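Working notes for the structure below.
Note that this is a predicted model, so its numbers are computed, not measured.
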Amino acid sequence: MIRYRRPRQDDPVIIELIEKELVPYSHLPPEEIAAIFKDLPKRLARGITLVASPYYEADSVAFIHFMIHGELLYIDMMAVAPAHRRQRLGKTLMSHAEQYAGSRGCRRAKVMVDQGNSRAHSFYRKLGYKTIRYIDQSECYELEKMLPVRV
């Protein structure tokens, strides 16, 4: 089931997923990662976070955090717990985010993928995202996808 984030229930799981599934691919120095974690509650409040859980009251096992900037959907973070991979949770979360954004006039979606995260790069490419460029400074690939126009 996909639902909106409940901070008190879901944030500990989200933080653990970020630590275990996203941070290992980051090329940021430890002090910058610490600053990001300190700012995480504000960051999550700035966008929309959806979580996947086995049923409504259950703890989350995957999440996606995204923001809308005009006609752009920006996928900020997404992670699925290893024990729950291959259940289409990531694809379902992406679909929800893209549909939400499309209903609000977004025409394109963008995501940044760390250089060493080939599994994520492959995942997004299978969903129709195209690699636009490599950014040396952050050691990330920028991927983009045009969203269907909703009327």
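In plain terms, the two heavy atoms of Glu21 and Pro82 that are nearest each other are OE2-CG, 3.2 Å. Nearest heavy atoms, Pro12 versus Pro7: CD-O, 4.0 Å. Minimum heavy-atom separation, Leu40 to Ile15: CD2-CG1, 3.7 Å. Across all their heavy atoms, Ile64 and Ala97 have their closest contact at CD1-CB, 3.9 Å. Between His121 and Thr131, the shortest heavy-atom distance links the atoms NE2-OG1, 2.8 Å.
Residues Ser95 and Gln99 have side chains that bring a donor and an acceptor to within less than 3.5 angstrom of each other. If you check the side chains of Glu142 and Tyr134, you find no donor sitting under 3.5 Å from an acceptor.
There is no path of hydrophobic side-chain contacts, each under 4.5 Å, that joins Val113 to Val23. Placement of Ile48 and Phe63 in two distinct hydrophobic clusters is found when ILVMFWY residues are connected by side-chain heavy-atom separations under 4.5 Å, directly or transitively. Both Ile75 and Ile68 belong to a common hydrophobic cluster when Ile, Leu, Val, Met, Phe, Trp and Tyr are linked at side-chain heavy-atom distances under 4.5 angstrom. Cluster membership check: Leu72 does not share its hydrophobic cluster with Phe66, using side-chain heavy-atom separations under 4.5 Å among Ile, Leu, Val, Met, Phe, Trp and Tyr.
Between Arg107 atom CZ and Leu73 atom CG the span is 14.5 Å, to the nearest 0.5 Å. Residue Leu50 holds its CG atom at 7.0 Å from NE2 of His96, rounded to the nearest 0.5 Å. The CG atom of Asp11 lies 11.5 Å from the CG atom of Leu17; values are rounded to the nearest 0.5 Å. Between His27 atom NE2 and Ser138 atom OG the span is 10.0 Å, to the nearest 0.5 Å. Distance CD/Glu16 to CG/Asp59: 10.5 Å, rounded to 0.5 Å. Atom OH of Tyr74 sits about 14.0 Å away from atom SG of Cys106, to the nearest 0.5 Å.
Residues Asp76 and Leu44 fail the side-chain proximity criterion, which asks for heavy atoms closer than 4.5 Å. With a 4.5 Å cut-off on side-chain heavy atoms, Phe37 and Arg43 do not count as touching. Between Val13 and Val51, every side-chain heavy-atom pair lies at or beyond the 4.5 Å cut-off. Counting only heavy atoms from C-beta outward, the side chains of Asp39 and Arg46 approach each other to under 4.5 Å. At least one side-chain heavy atom of Ile18 sits less than 4.5 Å from a side-chain heavy atom of Met77. Side-chain contact between Phe123 and Met94 is present, with heavy atoms from C-beta onward closer than 4.5 Å.
Cation-pi contact between Arg104 and Tyr100: present, with separation from the ring centre below 6.0 Å and deviation from the ring axis of at most 45°. A cation-pi arrangement is found for Arg6 relative to Tyr56, the charged atom lying closer than 6.0 Å to the ring centre and inside a 45° cone about the ring normal.
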Decide side-chain contact (heavy atoms from CB on, under 4.5 Å) for Ile14 and Arg5; before the verdict, give the C-alpha distance in whole Å, the side-chain angles of both, and the deciding distance to 0.1 Å.
CA-CA 9 Å; Ile14 290 170; Arg5 160 185 164 251; 4.0 Å; yes
Stepwise side-chain contact (heavy atoms from CB on, under 4.5 Å) check, Met112 with Tyr141:
CA-CA 6 Å; Met112 306 295 276; Tyr141 291 97; over 6 Å; no
For a side-chain contact (heavy atoms from CB on, under 4.5 Å) check, start with the C-alpha distance between Thr49 and Asp10, then their side-chain angles and the critical distance, and finish with the verdict.
CA-CA 10 Å; Thr49 306; Asp10 297 318; over 6 Å; no
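Ser26 contributes a side-chain N or O that, together with a main-chain N or O of Leu28, makes up a donor-acceptor pair within less than 3.5 Å. The backbone N or O of Val80 sits nowhere less than 3.5 Å from a side-chain atom of His84 that would complete a donor-acceptor pair. Between the side chain of Lys145 and the main chain of Arg108, no donor-acceptor pair closer than 3.5 Å is present. A distance-only check finds a donor-acceptor pair linking the side chain of Gln9 to the backbone of Ala58 [under 3.5 Å]. Judged by distance alone, the side chain of Asn117 and the main-chain N or O of Ala120 form a donor-acceptor pair under 3.5 Å. Distance alone, capped at 3.5 Å, places no donor-acceptor pair between the Ser60 side chain and the Ala62 backbone.
Aromatic ring pairs are classed by plane angle as parallel below 30°, tilted from 30° to 60° and perpendicular above 60°; the pair Tyr124 and Tyr129 is perpendicular.
Counting heavy-atom neighbours within 6.0 Å of Arg3 CZ, excluding the residue itself, gives a total above 12. Under a cut-off of 6.0 angstrom, the local environment of CZ in Arg88 is sparse, with at most 12 non-hydrogen atoms contributed by other residues, nucleotides or ligands.
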